Structure formats: C-alpha cells, structure tokens
A.B. asks: 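Following this message is one structure expressed as structure tokens.
What you see is a predicted model; the values in this text were computed from it and never measured.
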Amino acid sequence: MEFIHTQPIINSIIYSFLGIVILLIGYFIVEKLTPESTWKEVVEKNNVAVAIVLAAFIIGLSMIISAAIHG
C-alpha cells in the first residue's frame with residue numbers, strides 16, 4: 001500500500017488561497033476605480049447589466065490567475 005503524498009495537496013491549497021486573494025485584490029481595485037459601488041448597483045438597484053459585466057470580469061481575471069499559477 002502506497003502512502004498518500006501530501007505535498008501536492010498542500011501546494012493545491014496554497015495556490016487556491018493565493019488565487020482567491022489575488023482575485024479579491026483585483027475586485028477591490030476595480031471597485032475603487034468605478035464611480036459607483038458595483039455591489040450597491042447589483043444588490044440594491046438590481047442592475048443586471050452591471051452584474052453581467054462584473055461576472056465577466058471575475059471569470060476573466062480567474063482564468064488569467066489560473067493560467068499564471070498553473071504555468
């Protein structure tokens with residue numbers, strides 16, 4: 001019976017947290033650059049267009065972070 005190698009699991013967890021942190025930093029940068037609060041527009045004013053643009057931004061940034069971390 002082979003032992004489970006924990007190093008790849010630990011690396012995956014570290015890179016996952018690193019990717020999430022970078023994604024949140026990117027979101028807060030965009031939040032500061034936009035004139036209106038994106039969260040307020042989506043939640044309170046039910047602005048679907050802003051929600052779609054925000055979702056596209058998050059997906060795009062996640063793909064870039066994933067490719068950068070994965071290599």
A.B. asks: Mind checking who shares a hydrophobic cluster with I52, ILVMFWY linked at side-chain heavy-atom distances under 4.5 Å?
C.D. replies: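 Its cluster mates, by chain and number, are V48.
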A.B. asks: For residues 54-70, which residue pairs qualify under salt bridge (Lys or Arg N to Asp or Glu O under 4.0 Å), counting only residues two or more places apart or in two chains?
C.D. replies: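 Qualifying pairs: none.
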A.B. asks: Quick check: are there more than 12 heavy atoms from other residues, nucleotides or ligands sitting under 6.0 Å from CD1 of I10?
C.D. replies: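 More than 12 within 6.0 Å, yes.
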A.B. asks: Using the side chain to side chain donor-acceptor pair (under 3.5 Å) criterion, which residues pair with S37? Sequence neighbours excluded.
C.D. replies: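 If we apply the side chain to side chain donor-acceptor pair (under 3.5 Å) test to S37, skipping adjacent residues, the hits are E31.
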A.B. asks: Start with the C-alpha gap between Y27 and T38, add the side-chain angles, then the distance that decides, and say whether side-chain contact (heavy atoms from CB on, under 4.5 Å) holds.
C.D. replies: CA-CA 10 Å; Y27 170 74; T38 54; 3.2 Å; yes
A.B. asks: Looking at residues at least two apart in the chain, or sitting in another chain, which of them share a side-chain contact (heavy atoms from CB on, under 4.5 Å) with I58?
C.D. replies: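 Once residues adjacent in sequence are excluded, the partners of I58 under the side-chain contact (heavy atoms from CB on, under 4.5 Å) criterion are L23, L54, S62.
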A.B. asks: Measuring from atom CD1 of I59 to atom CD1 of I64, what distance do you get when rounded to the nearest 0.5 angstrom?
C.D. replies: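 Interatomic distance, I59 CD1 to I64 CD1, rounded to 0.5 Å: 12.5 Å.
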A.B. asks: Does any pair with a residue in residues 19-28 pass salt bridge (Lys or Arg N to Asp or Glu O under 4.0 Å), and if so which ones, sequence neighbours excluded?
C.D. replies: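 Counting only pairs at least two positions apart or across chains, no salt bridge (Lys or Arg N to Asp or Glu O under 4.0 Å) contact touches residues 19-28.
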A.B. asks: Please enumerate all residues that pass side chain to side chain donor-acceptor pair (under 3.5 Å) together with Q7, with sequence neighbours excluded.
C.D. replies: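 Side chain to side chain donor-acceptor pair (under 3.5 Å) check on Q7 returns N11.
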A.B. asks: Donor-acceptor pairs under 3.5 angstrom involving side-chain atoms of residues 12-22: please list them, not counting sequence neighbours.
C.D. replies:
{"residue": "S12", "atom": "OG", "partner": "P8", "partner atom": "O", "Å": "3.0"}
{"residue": "S16", "atom": "OG", "partner": "S12", "partner atom": "O", "Å": "2.7"}

A.B. asks: Can you name the side chain to side chain donor-acceptor pair (under 3.5 Å) partners of N46, sequence neighbours left out?
C.D. replies: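 Partners of N46 by the side chain to side chain donor-acceptor pair (under 3.5 Å) criterion come out as none, since no residue qualifies.
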A.B. asks: Can you name the residues that form a side-chain contact (heavy atoms from CB on, under 4.5 Å) with V30, not counting sequence neighbours?
C.D. replies: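 For V30 the side-chain contact (heavy atoms from CB on, under 4.5 Å) partners, ignoring immediate neighbours, are T34, F57.
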A.B. asks: Under the salt bridge (Lys or Arg N to Asp or Glu O under 4.0 Å) test, which residues partner K45, sequence neighbours left out?
C.D. replies: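 Residues passing salt bridge (Lys or Arg N to Asp or Glu O under 4.0 Å) with K45: E41.
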A.B. asks: Got a sec, which hydrophobics cluster with V50, joining ILVMFWY side chains under 4.5 Å apart, including via others?
C.D. replies: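 When side chains under 4.5 Å apart are linked, the cluster holding V50 also contains V42.
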